[in-house]
**Student:** 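Pasting in a structure now, in structure tokens, and then I'll have a few things to ask.
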Number of protein chains: 2
Amino acid sequence: MVRKPTKSNVKADAKAVSTRKPNMREAILAAAEELFSTYGFNAVSVRDIAQAAGANPGSVTYHFKTKDGLLLEIYRRHCGPMNRRRSELLAAARRVRDLQDRLEAIVRAYVLPAFTSGSDLAGGGTRFTRLRAIMSAEGNEVVRKIIAQTFDDTSHAFIDAIHESLPHIPRTDLVWRGHFLLGALYYTLVTPERVSRLSRGSADGTDAGHAIEELVRATVAALQAPPLDPAISALRKAPGFAPGRALT
Amino acid sequence: MVRKPTKSNVKADAKAVSTRKPNMREAILAAAEELFSTYGFNAVSVRDIAQAAGANPGSVTYHFKTKDGLLLEIYRRHCGPMNRRRSELLAAARRVRDLQDRLEAIVRAYVLPAFTSGSDLAGGGTRFTRLRAIMSAEGNEVVRKIIAQTFDDTSHAFIDAIHESLPHIPRTDLVWRGHFLLGALYYTLVTPERVSRLSRGSADGTDAGHAIEELVRATVAALQAPPLDPAISALRKAPGFAPGRALT
DNA sequence: ACCATATTTGTACTATCGTCCAAATATTCA
DNA sequence: TGAATATTTGGACGATAGTACAAATATGGT
């Protein structure tokens, strides 16, 4: 990337010839993202990442100090833009008049950024969501903190918006269904043979598009389902059991 | 377990005093199951397992040859009973007269064994399902084969049964929704704070029960949702894209 | 061109990984 | 009991892990 003149943000010159090697730091981040989201955090070594990025293992340590630091930086890169996009789409969805359409728009506002958000890289959104899926399965400790402090607000906003569209359904049920949505979303992105060409899909996202439409359709129907028998629900009012951290 | 007299299946004597150390092999299997399902395959070392089982690392090699072999044996232990239970419940569900009730019974037949199947150990079902969830995220190669040859038949049977209850919905959509069900199921079991006391739930499974009821209710509604616009669906008829391995 | 700084390189350190193996011990059956 | 077998033990092997660090090189401002 030829080292920017200290203070101006010229980014246009880079990436002119596909992937040349504009910035080692970026190359490492991209390689780590790809490898982590494919094989998991523990299965990938710093040396694997360095090799994939065409860098020296020491360079990784130089830029990110530790392997955890590298993972942290990946999350920092994506969480902000992704949640910003979600907020924008959610705000737009809230303005939809028709109740049914509004609910669908809300769900879409949650799902879409998981497929398309993030950087300019193709498939950046799906790759990061795949990474989140794997990390949630591996129960990584470093990630848990970021998740809590980054996604909690957004998640509550979505639950609230859904609850406004479906006031007759107890919030507990909606939280569960939102939880299921995230699980379905994660699994869809993690199962490679099903969405293998997702990241290589054409710009209009027709390939990913179908998966999204199926997911939105199914989720809207699930959200609208009649709540469980209140007699049973009441039994479960025990504190601490109801999901408190849904959609994260 | 005091080494059986060569050919008789006396299992009653063992496990008399809680967990004494009836059989090292079983202890290793249990420890590995617990650790793998909590931290993932790659994050757990053979030494971790040996220590948790109160065994020597060499013992693990002796009984299972390799770490992969240990994982394989865990799957062998659970897949059979779990699929058998599913088949039984599915057969019973098929006999339900009312269409709505039947669909619900079918979904329940798929979900229930994931929580309760397997060995005599408490929470054996959830632990194994959690393991499957993590392995699917990590993309483990050893597991992919077992999954394909063990769950494919059962999965097709479920899709068929659902399709019979909802003949007006294209099979493709049902496959997607079954896929979402599995994702939701996995994520529910993998997120510990939400189902933390699942395995410690009372014998009637009230704690797990609520999660199951929420999942079944949401899934039935999702399955019944009107299919996507056929015009869009038709575009996606391209071979190889529609999920071919759902519910596995 | 020169200096200060930023980055990359190569290597080395320690820790831990999966696996192996010979010796020690426990168990079973004649 | 004694011989045969099954299991457990403790230590070792080479490979690879994450990280550290000094030397080498590239870069940017003057």
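Numbered from 1 within each chain, the chains take letters A, B, ... in sequence-line order.
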**Student:** Quick test of your reading: applying ring pair (Phe, Tyr, Trp, His ring centres under 6.0 Å), list the pairs with at least one residue in residues 26-48 of chain B, sequence neighbours left out, ordered by first then second residue.
**Tutor:**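 The answer is B/Phe36-B/Phe41.
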**Student:** What's the shortest heavy-atom distance between A/Ile146 and A/Val142, and which atoms?
**Tutor:**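 Scanning both residues, the minimum pair turns out to be CG1-O, 3.6 Å.
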**Student:** Please confirm whether B/Tyr186 and A/Tyr187 have ring centers closer than 6.0 angstrom.
**Tutor:**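 Distance test on ring centres: under 6.0 Å, yes.
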**Student:** Whole angstrom is fine here: how far is it from CZ in A/Arg25 over to C1' in D/dT27?
**Tutor:**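 Taking atom C1' of D/dT27 as the reference, CZ of A/Arg25 is at 18 Å.
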**Student:** May I ask you to verify if any side-chain N or O of B/His63 is less than 4.0 angstrom from the OP1 or OP2 atom of D/dT8?
**Tutor:**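 Answer yes for this pair, as a side-chain N or O of B/His63 is under 4.0 Å from OP1 or OP2.
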**Student:** Reading nucleotides 10-23 of chain C from the 5' end, what letters show protein touch, with B for base, S for backbone sugar-phosphate only, - for no heavy atom under 4.0 Å?
**Tutor:** B-B----BBBB---
**Student:** Indicate yes or no: at least one non-hydrogen side-chain atom of B/Phe64 is less than 4.5 angstrom from one of B/Leu71.
**Tutor:**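 When only atoms from C-beta onward are counted, B/Leu71 and B/Phe64 do not touch, as no gap falls below 4.5 Å.
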**Student:** To the nearest Å, how far apart are A/Ile28 CD1 and C/dT7 C1'?
**Tutor:**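 Spelled out: CD1 on A/Ile28 to C1' on C/dT7 is 10 Å.
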**Student:** Who passes side chain to side chain donor-acceptor pair (under 3.5 Å) against A/Asn83, sequence neighbours left out?
**Tutor:**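 Here the qualifying residues are A/Thr154.
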**Student:** So, B/Glu88 and B/Arg84, do they make that salt bridge, N to O below 4.0 Å?
**Tutor:**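 Judged by the 4.0 Å cut-off on N to carboxylate O distance, B/Glu88 and B/Arg84 do not form a salt bridge.
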**Student:** For the pair made of CG in A/Leu35 and P in D/dA17, what is the distance, rounded to whole Å?
**Tutor:**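 The answer, rounded to whole Å, is 12 Å.
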**Student:** Should B/Tyr62 be listed as having a side-chain N or O under 4.0 Å from OP1 or OP2 of D/dT7?
**Tutor:**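 Checking B/Tyr62 against D/dT7: at least one side-chain N or O falls below 4.0 Å of OP1 or OP2.
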